[in-house]
*Asks:* 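This structure is in structure tokens; I'll ask about it shortly.
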There are 2 protein chains.
Amino acid sequence: MPLSTVDRSVLEPVIRRLSALRPLSTEARASLEYAMLEGLQRVGSGEDLISEGDPVDSVRVVLSGWLCRYKTLEDGRRQIVNFIFPGESCDAHAFLLPVMDHSIATVTPVIYSEIKRARFESLLAGERSLAEAFWCETLVNIAIQREWAINLGRRVAVERVAHLFCETFERLRAVGMVDGNSCVMPVTQMDLADATGLSIVHLNRTLQELRAAGLIILRERMLTIPDLDALKNAALYSPSYLQLYRRAEATR
Amino acid sequence: MPLSTVDRSVLEPVIRRLSALRPLSTEARASLEYAMLEGLQRVGSGEDLISEGDPVDSVRVVLSGWLCRYKTLEDGRRQIVNFIFPGESCDAHAFLLPVMDHSIATVTPVIYSEIKRARFESLLAGERSLAEAFWCETLVNIAIQREWAINLGRRVAVERVAHLFCETFERLRAVGMVDGNSCVMPVTQMDLADATGLSIVHLNRTLQELRAAGLIILRERMLTIPDLDALKNAALYSPSYLQLYRRAEATR
DNA sequence: CGTAGGGTTGATTCTTGTCAAACTCTGTGG
DNA sequence: CCACAGAGTTTGACAAGAATCAACCCTACG
């Protein structure tokens, strides 16, 4: 176990995120931390953690790195339907359904903690606040998924990409992973194209448009947003669907 | 209470749908039916049941009629992010979040049952199978939402509309509301356009294309699908995300 | 030095949106 | 009974947005 001696601070994003959704008692936090430390795992980038059609029997909680949920069509067209950031979980409760309806892949190297279904269920049974926090996470996921629907269905390319950047920045900020007005953006343009429903060529041109307008600086896998309000404006961004993250800031 | 003497058979779609997700004990079924009969409501078509930003304090279960969830942008662009069919609930558990991130409107006259939060929670606390069934419904909703993301992001117009028809038909079939290869389609072309992310003019032409190909017959608010497999083929439809409905058929 | 992955560019085609008008159907009031 | 209004659907002409194809560049890396 190369990770057995890891610093407990790697768990911070998870605690931070769940606390933003529901206040956690000291005991709840302790028992979750204990469970997480037991199941630490590492995986490289570009790997499928789980594929469409697979049954699920555990919960994975992301400690560092990015993942994406995606679906594909027979002919290879791919849509990233969401990203998964540190502090978030892959499919808490997914084991309630027989099999996965989508796949999850790493986009960077990832450290996560795997908690077996039985362990997870007894954890939640013992701590109501934990159970509610994980369910809230799932509810926020639906809200994000709905926002992606209007993003893909009704925003034009520039708005779409701008919106993705706004959302990503705010979600990362909620778990303390932004630095001033910059954050990492460790994805290829192909990934961005698949997340925004654009072709890679058109995505590239859209990025240039955003750069030319001074709305973003994107190089070497770092995103800087000189004026977040201006970018939100260009994106027609309204963050109510991430309300919980804002509550997190309020209580911090 | 014009509905107080209503036939209990109006509750059938709900029982049918929840049973498909989790086997319900006789007692679970009885207590749910009792709670539903208490809160029956009627509402006309084209009404907002609840709007983005509103707090939620009850669960509504649809007995008859169609609703849609939608979001809008400042400039009026609208995206229907999902339909809600008989047997389904509006936001079980939505009260766990502070406010709604989207709106829900009726697209036809609707009969539903409203269950107050406290009542609903005690119902679920008393019947584990009910709690699991409602949570499964929420999980299936996320799966549907993800499928809508790839629909909007990666399918072209004809595939998109065909996919919507396939999904609608199968979801209605799961609650016993199709007749042979026909079902109601009580929506305007504007609604279909908003659901598929197309302009109304282009949607109209896409419908004509589907009609010309013999894939659908759509008139007087009735949809007939002469050859469902052919339509699925045109839609690149893969129903795994609705797996639970299929399980429903298997156990019927 | 060669290669592969990622990024960028130009030219072109195709898909979809926009605008404007007409048509159908239904219900309503004169 | 007819005129009219309004919502919904359909059509044509045109414009804009996005995809596709084919190169080419750059850099990291073996």
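Values reported hereafter were calculated over all heavy atoms of this structure, with side chains retained and with hydrogens, waters and symmetry mates removed. Owing to the predicted nature of the structure, the values given are computational and were not obtained by experimental measurement. Residue numbers start from 1 in every chain, and the chains themselves are labelled A, B, ... in the order their sequence lines are given, proteins ahead of strands.
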*Asks:* Can you check each nucleotide of nucleotides 6-15 of chain C against protein heavy atoms at under 4.0 Å and return B for base, S for sugar-phosphate only, - for none, in 5' to 3' order?
*Replies:* SSBBBB----
*Asks:* Can you tell if the side chain of A:Ile144 reaches within under 4.5 Å of the side chain of A:Tyr241, non-hydrogen atoms only?
*Replies:* yes
*Asks:* Check B:Arg155 with B:Glu147, please: is the shortest side-chain N to carboxylate O separation under 4.0 Å?
*Replies:* yes
*Asks:* Run the salt-bridge test on B:Glu52 and B:Lys71 with the 4.0 Å N-O cut-off and return the result as yes or no.
*Replies:* no
*Asks:* Tell me every residue that passes side chain to side chain contact (heavy atoms under 4.5 Å, CB included) with B:Ser199, counting only those two or more places apart in sequence or in another chain.
*Replies:* B:Val201, B:His202
*Asks:* How would you label the contact of B:Gly46 with the nucleic acid (heavy atoms, under 4.0 Å): base, sugar-phosphate, or nothing?
*Replies:* nothing
*Asks:* Going by heavy atoms closer than 4.0 Å, what residues in residues 231-238 of chain A are next to DNA chain C?
*Replies:* none
*Asks:* Show every salt bridge (Lys or Arg N to Asp or Glu O under 4.0 Å) that has at least one partner inside residues 223-235 of chain A, sequence neighbours left out.
*Replies:* A:Glu170-A:Lys232
*Asks:* Salt-bridged, A:Arg60 to A:Asp91, with N to O below 4.0 Å?
*Replies:* no
*Asks:* Output every pair passing ring-ring contact (aromatic ring centres under 6.0 Å, His included) with a member in residues 53-92 of chain A, not counting sequence neighbours, ordered by first then second residue.
*Replies:* A:Trp66-A:Phe83, A:Trp66-A:Phe85
*Asks:* Scan residues 67-82 of chain B against DNA chain C and write down, sorted by residue number, each residue with any heavy atom closer than 4.0 Å; if none is found, say none.
*Replies:* none
*Asks:* Once you round to the nearest 0.5 Å, how far does OG1 of A:Thr196 lie from CZ of A:Arg160?
*Replies:* 6.5 Å
*Asks:* Taking salt bridge (Lys or Arg N to Asp or Glu O under 4.0 Å) as the cut-off, I'd like each qualifying pair that reaches into residues 187-208 of chain B, sequence neighbours left out, listed once.
*Replies:* A:Arg154-B:Asp194, B:Arg78-B:Asp191, B:Arg78-B:Asp194
*Asks:* Taking 5' to 3' order, which nucleotide of DNA chain D is first and which is last to have an atom within less than 4.0 Å of a heavy atom in chain A?
*Replies:* D:dA18 to D:dC21
*Asks:* Let me have the donor-acceptor pairs involving side chains of residues 208-226 of chain B, under 3.5 Å, with sequence neighbours excluded, atom names and distances please.
*Replies:*
residue  : atom : partner  : partner atom : Å
B:Gln208 : NE2  : B:Asn204 : OD1          : 2.4
B:Arg211 : NH1  : B:Leu218 : O            : 2.9
B:Thr224 : OG1  : B:Ser182 : OG           : 2.8

*Asks:* Going by ring-ring contact (aromatic ring centres under 6.0 Å, His included), name the pairs with one or both residues in residues 157-196 of chain B, residues two or more places apart or in two chains.
*Replies:* B:His163-B:Tyr237
*Asks:* Are side-chain heavy atoms of B:Leu236 and B:Glu159 found at a separation under 4.5 Å?
*Replies:* yes
*Asks:* When you compare the side chain of A:Met190 with that of A:Leu203, does any pair of heavy atoms fall below 4.5 Å?
*Replies:* no
*Asks:* Kindly write out the residues that satisfy side chain to side chain contact (heavy atoms under 4.5 Å, CB included) with A:Ser45, not counting sequence neighbours, or none if the list is empty.
*Replies:* A:Pro109
*Asks:* Check the side chains of B:Glu167 and B:Trp148 for a donor-acceptor pair under 3.5 angstrom, ignoring hydrogens and angles.
*Replies:* yes
*Asks:* Quick one: which protein N/O atoms are closer than 3.5 Å to N/O atoms of nucleotides 21-27 of chain C? Pair and distance per line, please.
*Replies:*
none

